[in-house]
2 protein chains.
Amino acid sequence: MTELAELPAVPGAARTQGRPRSSRAHEAILEAVLDLIEEGTTVEALSMEAIAARAGVGKATIYRRWAGKDELLLETLVKLKGPPTQPVGDSVRADLIRLLSVVGQKDQRAVRVMPCLMPEVSRSPEAYRIWQEAITEPRREVMRDVLRRGVATGELRADLDVEVTVSMLISPLLLHRMVRWNPRLDDVDDLTEQIVDVVLRGVAA
Amino acid sequence: MTELAELPAVPGAARTQGRPRSSRAHEAILEAVLDLIEEGTTVEALSMEAIAARAGVGKATIYRRWAGKDELLLETLVKLKGPPTQPVGDSVRADLIRLLSVVGQKDQRAVRVMPCLMPEVSRSPEAYRIWQEAITEPRREVMRDVLRRGVATGELRADLDVEVTVSMLISPLLLHRMVRWNPRLDDVDDLTEQIVDVVLRGVAA
DNA sequence: CCGATACGGAACGGAACCGTATCGGAATCC
DNA sequence: GGATTCCGATACGGTTCCGTTCCGTATCGG
C-alpha cells in the first residue's frame, strides 16, 4: 500500500543520482495536512496551495511525491492512526475496557479528521475499501480475538455472535467521541465500563 | 417555459403587489439539493450554479429566497427528516424494535445526506446545535420515554441509566446504516432484535 | 569538481463558482 | 390597462484553486 521508508526519502526506486528528497519536507507536508484539518478545514476544501504554504514548501515538492490529494491524504491518515492497541490477556472484561478506552483518545487529531472523511467514504467505494482495510477492520479484528478467546476459555458463551458484539461495544463510544452524538454522555465518567458490563451481562451464558 | 397558476407561495411577507413567487420553483430547488447530494455531491461542494441548473431555475430565484447556501441547506434538511417515529406502547421490547427498525430506513436520501453533514457538524458549533435540536435530540427523547415508561411499569430496573442505554441501542444501527461501519453486519438479518435483546438482558433487574 | 536531482518560490493558462445585474417575458393586483 | 414583481437565462468581474513550468539555489553521488 504505502511506503513509509524514510532515510532515502520515498519510493523504492533506485534513485541514486542527485540530491535526495528531503524527509524534512515530507514530514512537514503531512503535518501541514493534519494541522489544517484540525483547524477546521474540510478534507474536501483542503487545497494543495494551502498545504504547501503551511508546510513552507513549493507545490512542486508535493506533486513530486504524490499524484494528487487523495494519495497524500491516504498516507497522512495511515500514518496518523498507527497500529491498533493490543490486549493484555488478563480477562475479557479488562481487555475490552483497555481496547475501548483508547477509542478517540489517542490522538485528538484523528477525532477531527475522521468526520471529515465520512462524505468521501460514503460516496466512493474505493475510499470505503481503504478506510475499512486500513482503519476499522484491524481494530475490529483485535477485539474479535479477545471475544473468541473469551469463548475458548468459557468466559463467554459458545454461540456468541462476535460481529454484533463487537459493533455493540465500539459503536456507542465511537459515535460519542467522534461526533459527540449525545452531549449528555459528556458527564458519564465510567461510560466504557458501563457499556462493557451491560454487553457482557447481555451475552452471558 | 409557461408557468401554471401558483399558490401564494412563500413567506408571511406582505407581498401583495406583482407576480407571486412560484412554489413550484421553491420545491424544485429543494429537490435539486437532495438529488445532487444523493448523487454524491458533498454538502460543501454543492454549488449554487449546479443547484440552479438542476432545478431548472435562475440563480437569482434562489438568492431571492435564501441568503446563502447555509439557509437553503437548513430548510432542506428539516424538511427531509419529518417527525420521529412514535412508539405504540405494547411493551418496551416491541417499542424499541419499532423505533430502531426505522433508523436509516425511512428515506434513503437521509442516509446519504447525513455523512455529508458530519464535517460541518463537527466543525461548527452552530451546525452542531441545529443538528442536535432538529435531528438527533427529538429521536432520543422518544426513546427515553419508552425506557422511562419501562422503569415505571417495572419492566426495567429503577436505577437504569437512560442516556447510556439509548446510546447503546441506537449507535450500532446508526453506524451500520449510515456509514456501513462493519460490512459483515450486512448479512445479519435480525440485527435490531439481537441488539435490543442483549441490551435488555444487560440492564435487567 | 561535475552532473543530476530536489529545493522554495513565483508565475502561468484554465477551470469552477461566487453574488450581482440585466434581459424580455409572464403572472398577478388594482 | 398599467404597475409591479417574479420568471429563466445569460453575462459580468472577482476570487480561488488546479497542475505545470520555469527560475536560481542547495545538496547529494561519483
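What you are looking at is a predicted structure, and each value in this text was computed from that prediction instead of being measured. Numbered from 1 within each chain, the chains take letters A, B, ... in sequence-line order. Worth knowing before you read on, the calculation uses all heavy atoms, side chains too, and leaves out hydrogens, waters and symmetry mates.
Here D:dT20 presents its C1' atom at 14 Å from CD1 of A:I62, a figure rounded to the nearest Å. The CG-C1' distance, from B:L46 to C:dC18, rounds to 14 Å in whole Å. If you take CZ of A:R54 and P of C:dG8, they are 16 Å apart, rounded to a whole angstrom. Between the CE atom of B:M48 and the P atom of C:dT20 there is a distance of 10 Å, given to the nearest Å. Between the CG atom of B:D70 and the P atom of C:dC18 there is a distance of 12 Å, given to the nearest Å. Rounded to an integer number of Å, the gap from CD of A:E44 to P of C:dC17 is 11 Å. In this structure, A:L72 places its CG atom 15 Å from C1' of D:dG19, rounding to the nearest Å. Between A:H26 atom NE2 and C:dG8 atom P there is a gap of 13 Å when expressed in whole angstrom units.
Distances shown here put every side-chain N or O of B:R19 at or beyond 4.0 Å from the OP1 or OP2 atom of C:dA26. Look at B:R65 and you'll find a side-chain N or O under 4.0 angstrom from OP1 or OP2 of D:dC7. Between B:R24 and D:dC7 there is no side-chain N or O to OP1 or OP2 distance below 4.0 Å. B:R21 has no side-chain polar atom (N or O) that falls below the 4.0 Å cut-off from OP1 or OP2 of D:dT5. OP1 or OP2 of D:dG8 sits under 4.0 Å from a side-chain N or O of B:T61.
Legend: residues meeting side chain to side chain contact (heavy atoms under 4.5 Å, CB included) with A:P87, ordered by chain and number and at least two apart, are A:D95, A:L99, A:V142, A:V146, A:R149.
Residues B:M114 and A:M118 fail the side-chain proximity criterion, which asks for heavy atoms closer than 4.5 Å.
Closest to the side chain of A:E49, out of D:dC17, C:dC30, C:dG8, is D:dC17. Nearest nucleotide to the A:A60 side chain, out of D:dT21, D:dC7, C:dC7: D:dT21. Ranking C:dT5, C:dT20, D:dT20 by closeness to the A:Y63 side chain, first place goes to D:dT20. Looking at the side chain of A:S47, the nearest of the listed nucleotides C:dG8, D:dC17, C:dA6 is D:dC17. Closest contact between the side chain of A:P20 and the listed nucleotides C:dA6, D:dC17, D:dC28 involves D:dC28.
D:dG29 and C:dC2 make up a base pair, with Watson-Crick or G-U wobble contacts both under 3.5 Å.
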Under the side chain to side chain contact (heavy atoms under 4.5 Å, CB included) criterion, do B:V203 and B:D161 qualify, and how do the steps go? CA-CA 9 Å; B:V203 301; B:D161 188 321; over 6 Å; no

Evaluate B:M168 against A:V199 for side chain to side chain contact (heavy atoms under 4.5 Å, CB included), listing each step before the verdict. CA-CA 9 Å; B:M168 290 187 66; A:V199 170; 3.5 Å; yes

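Side-chain to base pairing of A:K59 with D:dG19: one donor and one acceptor N or O lie within less than 3.5 Å of each other.
Looking only at atom types and distance, the side chain of A:T153 has a donor-acceptor partner in the side chain of A:E155 under 3.5 Å away.
At a threshold of 4.0 angstrom between heavy atoms, the contacts of A:G56 are confined to the sugar-phosphate backbone, with no base atom among them.
Remark: B:R139 CZ is packed, more than 12 non-hydrogen atoms of other residues, nucleotides or ligands lying under 6.0 Å away.
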